[in-house]
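Quick note: numbers below take in every heavy atom, side chains included, and nothing from hydrogens, waters or symmetry partners.
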Amino acid sequence: MQLIKTKEIENEIASKVQEVNFELPEDVKNAISAAYDREKSEVGRKILKQILDNSEIARNERVPLCQDTGLVVVYAEIGQDLQFDGNLKDAINKGISRGYSDGYLRKSVVKDPLDRENTGTNTPAIIHYDFIEGDELKLDIATKGGGSENMSQIKMMKPTVSQDEIIDYIVQVVQESGANACPPLIVGVGIGGNFEKSALLAKRSLFERIDKRNPDPKLAVLEKNILERVNQLGIGPQGLGGNTTALGVNIKSYPCHIASMPVAVNLNCHSARHISLVFNKEGR
């Protein structure tokens, strides 16, 4: 059995939750640059240029890309041949708390959704656990902003629904979000499973690169068609018009009940901050 020290996990997360708030993923930055070249709206082009300039300032000066430094979401894939010398959940939350404190990042988590008292640590994180073969621990970490999260939706559609009706629904969600989700967006879609599984799929799809085609040809076509429809809405960068409402659409699907067709849409703003960490016998 491979032993992983939870202090190493805590230390690594404390560092990376700062880094992820300061730097855009390369695929997102490239997508914004490509959108700048394609954008027909002069205002839209100016905004995309400002987003790129802002990302350079954030990276060089080690300041957050956005004032909303997000609620941390973690997908943990745990090798079955692993042992920990402590509590994994505690290590993740301690790392986040240290990182947000050391990096002077805004803390956005409240203890109780009704009382609204800030925890002061940006924890607890939302952690999803899965067990896999092997002796590695993989942590996919995102700092998800509240604006785009609030515009996300789920719908239990009829199992007889057509693909065109699914596309219509997803486009409608983006249209209703308008400028509130801070476009240009990454559109995450979960199809199938059940009510909660489809939402998890939609969130999980936001970790995928937006410059790679879906390995499922059917879903790749669906992603392309949705992206074209979304960018025809005219919402544009920051909602001020243009043909760049979304940078990419990612879909994940899962088997479901014969009577069900859940479809979840999880929107992400252009500050699509996420990172993957792997812990194994070679260390990080």
Side-chain angles (χ1 to χ4, degrees), residues 25-28 30-31 34-35 73-79 128-134 136 138-142 144 148-149 151-175 177 181 184-233 244-270 272 274-276 278:
E26 200 61 31
D27 60 320
V28 176
N30 291 339
V73 179
V74 180
Y75 282 84
E77 294 184 351
I78 306 167
H128 306 288
Y129 301 94
D130 194 11
F131 292 93
I132 59 174
E133 292 183 357
E136 284 190 344
K138 183 182 180 190
L139 300 177
D140 289 327
I141 302 171
K144 187 70 166 62
S148 58
E149 187 76 358
M151 296 297 105
S152 302
Q153 295 187 31
I154 185 171
K155 186 172 185 177
M156 304 302 289
M157 305 186 83
K158 295 178 180 177
T160 55
V161 71
S162 69
Q163 286 199 16
D164 284 344
E165 289 171 299
I166 292 173
I167 293 173
D168 288 344
Y169 167 63
I170 296 166
V171 173
Q172 176 194 331
V173 172
V174 176
Q175 187 167 28
S177 76
L185 309 170
I186 315 294
V187 182
V189 179
I191 301 176
N194 59 5
F195 183 84
E196 72 272 15
K197 181 69 176 179
S198 63
L200 287 170
L201 291 170
K203 177 66 60 63
R204 196 74 173 88
S205 74
L206 296 175
F207 289 82
E208 298 294 330
R209 293 183 65 92
I210 56 175
D211 56 358
K212 301 291 185 185
R213 291 178 64 85
N214 197 304
D216 182 332
K218 177 172 77 269
L219 295 182
V221 171
L222 198 55
E223 289 173 349
K224 178 175 178 291
N225 291 340
I226 294 168
L227 183 60
E228 288 177 357
R229 283 278 307 277
V230 164
N231 282 331
Q232 290 169 3
L233 290 171
T244 311
T245 300
L247 301 168
V249 176
N250 292 336
I251 301 175
K252 284 188 178 297
S253 67
Y254 195 81
C256 66
H257 193 283
I258 55 173
S260 300
M261 175 57 91
V263 178
V265 183
N266 194 203
L267 301 180
N268 207 356
C269 66
H270 53 274
H274 58 87
I275 195 169
S276 294
V278 176

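Residue Lys144 comes nearest to Val73 through the heavy atom pair CB-CG2, 4.4 Å, listed as atom of the first residue, atom of the second, then distance. Smallest separation of non-hydrogen atoms from Pro184 and Leu247: CB-CG, 3.7 Å. The shortest non-hydrogen separation linking Ala264 to Ala202 is O-CB, 3.6 Å. Of all heavy-atom pairs between Pro262 and Ser198, the closest is CB-OG, 3.7 Å. Of all heavy-atom pairs between Val265 and Val173, the closest is CG1-CG1, 3.9 Å.
When the options Leu222, Leu219, Val263 are evaluated for a side-chain contact (heavy atoms from CB on, under 4.5 Å) with Ser253, the one that passes is Leu219.
Ion pairing of Arg204 with Asp140 is present here, as a side-chain N (NZ or NE/NH1/NH2) and a carboxylate O approach within less than 4.0 Å.
Rounding to the nearest 0.5 Å gives a distance of 14.0 Å between CD of Gln172 and CD1 of Ile167. To the nearest 0.5 Å, the span separating CD1 on Ile170 from NZ on Lys155 amounts to 11.5 Å. With rounding to the nearest 0.5 angstrom, the CD1 atom of Ile186 is 11.5 Å from the CZ atom of Arg209. Met151 contributes atom CE, which lies 12.5 Å from atom SG of Cys269 (distance to the nearest 0.5 angstrom). In this structure, Ser148 OG and Leu206 CG are separated by 8.0 Å, a value rounded to the nearest 0.5 Å. Atom NZ of Lys252 and atom NZ of Lys203 lie 14.0 Å apart (nearest 0.5 Å).
In this structure, Glu149 and Asn266 have side chains that are in contact, with non-hydrogen atoms separated by less than 4.5 Å. Looking at heavy atoms from C-beta onward, Val187 lies in side-chain contact with Leu267 at the 4.5 angstrom threshold. Here the side chains of Ile191 and Met261 are in contact, with some heavy-atom distance below 4.5 Å.
In this structure a side-chain-to-backbone donor-acceptor pair under 3.5 Å is present from Ser205 to Asn250. Formation of a donor-acceptor pair under 3.5 Å by the Glu165 side chain with backbone atoms of Ser162 is found in this model.
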Point to revise | Trace of the side chain to side chain contact (heavy atoms under 4.5 Å, CB included) decision for Ile78 with Asp130 | key: CA-CA 6 Å; Ile78 306 167; Asp130 194 11; over 6 Å; no
Check your understanding: Hey, mind stepping through Ile166 and Val189 against side chain to side chain contact (heavy atoms under 4.5 Å, CB included) and telling me if it holds?
Key -> CA-CA 10 Å; Ile166 292 173; Val189 179; 5.8 Å; no
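In the model, Asn214 has a side-chain atom that pairs as donor or acceptor with a side-chain atom of Glu223 under 3.5 Å.
Surrounding OH of Tyr254 are at most 12 heavy atoms belonging to other residues, nucleotides or ligands under 6.0 Å away.
Applying the ring pair (Phe, Tyr, Trp, His ring centres under 6.0 Å) test to residues at least two apart or on different chains, the pairs with a partner in residues 186-215 are Tyr75-Phe207, Phe207-His274.
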